[in-house]
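See structure below.
Nothing here was measured: the structure is a model prediction, and the numbers come from that model. Read the numbers this way: they start at 1 and go in the same order the structure lists the ligands and their atoms.
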Amino acid sequence: MKRTSVLIIYTGGTIGMIQNHETGALESFNFEHLLSHVPEIRQFNLAIEAIAFETPIDSSDMTPTEWQKLVRIISENYSKYDGFVILHGTDTMAFTSSALSFMLEGLNKPVILTGSQLPIGALRTDGKSNLITAIEIAAAKRPDGSPMVSEVCVVFHDKLFRGNRVTKIDSDNFSAFDSPNYPPLATLGTEIKYNPASIGEYRKDAVLTPHEEMDTRIIIFSLFPGLRPEIVDNVLSSPDLKGILFRTFGSGNAPKNMRLIETLKSAMADGKVIVNISQCMSGYVHQERYGAGLQLADSGIVSGRDMTLEAALTKLMFLFGRGLTSERVLELMDVSLAGEVTI
Ligand code: ASP
């Protein structure tokens, strides 16, 4: 019988870094170095192969170009492997996992991202267990031979998360990620306990349709008491802009400031799409709950509901990248494309 196969894609991040003795700073190192620290991988009865970015990067340098590279690697190798593990820096991992969840339409194999807080060469590294668990989950099958998970996920510390529901919450602790609005797909203790209710359905006949175009003419702007509408006006009137993530208070509220509302309305009249995302880490945007939110709904701003910032941002990039009209983008922001939002 053919052995289950996993392709590891190494992009960089702390997991593979090593300390520069002169400056003391962590710098990316090559993939052989990384694997030499995890000889345990050989104990898996799996066919594991690896591919690395030519120059491993700190994930602060990730851009849609690297997402395209990942989409290409996965689609070109899709039929050869049962699952994929992406080693990635933690800082922008949630952006990459969200982006891939949209770009890999029709995915029915596991794509598991992981990384670590400490380099794999460090004595107390969390990189080893994260990598080993990610491989195990990428290879996990149900009794009928179908994959245990068939979506883009993040494995970190003690949980498996849906990729477009996760966010980095801690820059120091090993438990660096959380998924405040969606239950983990599995908890990782002495055993891996899968949570079938939160795992996306396996679609046997789904056909992978990779999308590479992302439109970055997007901006995020955050409300604060005292925000000056004339400054917002300058930014929102930019002819290059197509989508705006508007970070509001609480359940989606903004001040009753007519100048600000007029600015938002005129951006929308120009064909820009504005999405209301709360500054709160968890909860749902209910624009109709208070007058302060209702005025936004009445002006045509679409509720981001319970999407993470990362999911809402990459979804806008993806939809505009497909060349859709603003009207269609507005409609699709209100539809769950890859389990990123609760409707
Ligand atoms: N700066 C690093 C990165 O995102 C942090 C990490 O990997 O944890 O690449």
Inset, instruction - Looking only at distances, please establish whether an N/O atom of ligand 1 is found under 3.5 Å from an N/O atom of K168. - result: no
Inset, instruction - Just jot down the ligand 1 atoms closer than 4.0 angstrom to any heavy atom of G13, in number order. - result: 7 (O), 9 (O)
Inset, instruction - Taking the side chain as every heavy atom from C-beta outward, state whether L113 and V155 have any atom pair closer than 4.5 Å. - result: no
Inset, instruction - State whether D82 and K141 are salt-bridged, where the test is any N-O pair (Lys NZ or Arg NE/NH1/NH2 against Asp/Glu carboxylate O) under 4.0 Å. - result: yes
Legend entry - Closest protein heavy atom to atom 8 (O) of ligand 1, given as residue, atom name and distance to 0.1 Å: T90 OG1, 2.5 Å
Inset, instruction - Give a yes-or-no answer on whether the side chains of S282 and N181 include a donor-acceptor pair shorter than 3.5 Å. - result: no
Legend entry - Distance from atom 4 (O) of ligand 1 to nearest protein heavy atom, with residue and atom: S59 OG, 2.5 Å
Inset, instruction - Mark up the atoms of ligand 1 that fall under 4.0 Å of a heavy atom belonging to T14, in ascending order. - result: 2 (C), 5 (C), 6 (C), 7 (O), 8 (O)
Inset, instruction - Report yes if some N/O of D91 lies less than 3.5 Å from some N/O of ligand 1; otherwise report no. - result: yes
Inset, instruction - Compute the shortest N/O to N/O distance between H88 and ligand 1 and return yes if it is under 3.5 Å, no if not. - result: no
Inset, instruction - Could you tell me whether D215 and R322 have a side-chain N and a carboxylate O separated by less than 4.0 Å? - result: no
Legend entry - Residues forming a salt bridge (Lys or Arg N to Asp or Glu O under 4.0 Å) with R228, sequence neighbours excluded: E230
Inset, instruction - Mind checking whether S116 contacts ligand 1 via backbone (N, CA, C, O), side chain (CB onward), both or neither, at a 4.0 Å heavy-atom cut-off? - result: backbone
Inset, instruction - Sort out for me which residue in R72, Q68, K69 forms a side-chain hydrogen bond (donor to acceptor under 3.5 Å, both in side chains) with E212. - result: R72
